[in-house]
Participant: 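This is the structure, below, for whatever I ask next.
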Amino acid sequence: MIYIVYWKGEHMNYREAMDYIEQLKPLGSVMGIETMYGLCERLGNPQDKLKFVHIAGTNGKGSVLAYISTVLQTAGYKVGRYISPAVLDYRERFQVDGRMITQSGLCKYLEPVKEAADAMAEEGGAHPTLFEVETAVAFLYFVDRGCDLVVLETGLGGSLDATNVVSNTVAAVFSSISMDH
């Protein structure tokens with residue numbers, strides 16, 4: 001069950017944003033990419049305005065992402081990082097040049113994603129999962145920040161992963177791949 005958070009005033013605050021994030025966790029993981037395409041379309045397909053280094057694998061994605069994004073940043077590129085899990089702060093998932101998104105920035109980009117996601121559910125479609133919402137937030141943030149390249153980790157991996165809505169992949173990287181469980 002999804003509970004829609006209504007915020008008072010003009011904009012969502014950080015506490016309301018984190019409450020909304022918590023409410024999406026029970027949606028779990030859903031295999032399929034149609035919902036992500038629909039969400040991105042409602043947001044103007046921000047992923048089409050970015051170039052990606054797309055990392056997949058069972059183990060080591062985070063380390064590979066750290067190495068690649070550091071090298072690219074050192075070479076002078078403005079680099080977006082989309083990672084999971086966060087270690088100390090939820091906002092670590094969204095970084096530009098090694099600096100995580102601000103609290104107000106998270107609220108700014110989450111608002112239109114929440115509106116689009118809630119509209120999809122109200123119209124009878126599937127509500128985007130937490131990972132799909134986070135991925136859309138990342139795309140909006142990286143476009144707005146003018147990233148030259150985005151280093152992106154897959155979620156579940158495979159052809160139905162939400163991150164596969166990207167089409168401007170300049171490099172696909174595979175870390176160690178094995179049976180998970």
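The chain is numbered in sequence order, starting from 1.
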Participant: How long is the span from the OG1 atom in Thr163 to the CG atom in Leu152, to the nearest 0.5 Å?
Facilitator: 5.0 Å

Participant: Check whether more than 12 heavy atoms from other residues, nucleotides or ligands sit under 6.0 Å from atom OH of Tyr14, and answer yes or no.
Facilitator: yes

Participant: So which atom in Glu153 and which in Phe131 form the shortest heavy-atom distance, rounded to 0.1 Å?
Facilitator: O-CZ, 4.3 Å

Participant: State, yes or no, whether a side-chain contact exists between Val173 and Val151 at a heavy-atom distance under 4.5 Å.
Facilitator: no

Participant: Between Ala116 and Leu43, which heavy-atom pair has the shortest distance, and what is it?
Facilitator: CB-CD2, 4.1 Å

Participant: With the side chain counted from C-beta on, respond yes when Arg145 and Phe142 share a heavy-atom pair under 4.5 Å apart, and no when they do not.
Facilitator: no

Participant: Enter the distance from Arg15:CZ to Tyr20:OH here, rounded to the nearest 0.5 Å.
Facilitator: 16.0 Å

Participant: Report the distance from atom CE of Met18 to atom CG of Asn13, rounding to the nearest 0.5 Å.
Facilitator: 11.5 Å

Participant: Looking only at heavy atoms, which two atoms of Gly80 and Cys147 are closest? And how far apart?
Facilitator: N-SG, 3.6 Å

Participant: Supply the atom-to-atom distance Glu34 CD to Leu39 CG, rounded to the nearest 0.5 angstrom.
Facilitator: 13.5 Å

Participant: Are Leu65 and Tyr90 connected, step by step, through hydrophobic side chains (Ile, Leu, Val, Met, Phe, Trp, Tyr) whose heavy atoms are closer than 4.5 Å?
Facilitator: no

Participant: Do Val165 and Leu130 land in one hydrophobic cluster if side-chain heavy atoms of ILVMFWY residues count as linked below 4.5 Å?
Facilitator: yes

Participant: CZ of Arg91 to CE of Met100: how many Å apart, nearest 0.5 Å?
Facilitator: 4.0 Å

Participant: In the structure I gave you, are the side-chain heavy atoms of Pro128 and Met120 within less than 4.5 Å of one another anywhere?
Facilitator: yes

Participant: Could you label the plane-to-plane angle of the Phe139 and Phe52 rings as parallel, tilted or perpendicular, counting under 30° as parallel and over 60° as perpendicular?
Facilitator: perpendicular

Participant: Can you find a heavy atom in the side chain of Val137 that is under 4.5 Å from one in the side chain of Arg93?
Facilitator: no

Participant: For Tyr141 versus Arg99, what's the shortest heavy-atom pair and its separation?
Facilitator: OH-O, 4.2 Å

Participant: If you group Ile, Leu, Val, Met, Phe, Trp and Tyr by side-chain heavy-atom gaps below 4.5 Å, do Ile101 and Leu88 land in one group?
Facilitator: no

Participant: Determine, using the 4.5 Å side-chain heavy-atom cutoff (strictly less than), whether Val53 and Tyr77 are members of one ILVMFWY cluster.
Facilitator: yes

Participant: Working note: Leu27 + Glu132, criterion side chain to side chain contact (heavy atoms under 4.5 Å, CB included); need CA distance, chi angles, decisive distance, verdict.
Facilitator: CA-CA 11 Å; Leu27 291 177; Glu132 291 166 335; over 6 Å; no

Participant: Contact between Leu24 and His127 at the side-chain level, heavy atoms closer than 4.5 Å - yes or no?
Facilitator: yes

Participant: I'd like to know if the side chain of Glu92 reaches the main chain of Val87, judged simply by a donor and an acceptor atom lying under 3.5 Å from each other, with no hydrogens or angles considered.
Facilitator: yes

Participant: Is there a side-chain contact between Lys51 and Asp148, using heavy atoms and a 4.5 Å cut-off?
Facilitator: no

Participant: Looking only at side chains, do Gln47 and Asn45 share a donor and an acceptor under 3.5 Å apart?
Facilitator: yes

Participant: So, do Leu50 and Asn168 sit near enough that their side-chain heavy atoms are less than 4.5 Å apart?
Facilitator: no

Participant: Working note: Cys40 + Met36, criterion side chain to side chain contact (heavy atoms under 4.5 Å, CB included); need CA distance, chi angles, decisive distance, verdict.
Facilitator: CA-CA 6 Å; Cys40 286; Met36 188 64 193; 3.6 Å; yes

Participant: Does Ile55 share a hydrophobic cluster with Val150, counting links as ILVMFWY side-chain heavy atoms below 4.5 Å and allowing steps through other members?
Facilitator: no

Participant: What closest approach, in Å, do Ala86 and Asp89 show between heavy atoms, and which atom pair accounts for it?
Facilitator: CB-O, 3.1 Å

Participant: Atom OG1 of Thr129 and atom NZ of Lys25: how far apart are they, to the nearest 0.5 Å?
Facilitator: 13.0 Å

Participant: How close do Gly57 and Thr154 get, heavy atom to heavy atom, and via which atoms?
Facilitator: N-OG1, 4.4 Å

Participant: Start with the C-alpha distance between Leu110 and Ile21, add both sets of side-chain angles, then the distance that settles side chain to side chain contact (heavy atoms under 4.5 Å, CB included), and finish with yes or no.
Facilitator: CA-CA 9 Å; Leu110 183 58; Ile21 296 295; 4.2 Å; yes

Participant: Any donor and acceptor pair, going by atom type alone, linking the side chain of Tyr82 with main-chain N or O of Thr135 inside 3.5 Å?
Facilitator: yes

Participant: Would you call Lys114 and Glu16 a salt bridge, using N to O less than 4.0 angstrom?
Facilitator: no

Participant: Just wondering, do Lys78 and Val96 contact through their side chains at under 4.5 Å, heavy atoms?
Facilitator: yes

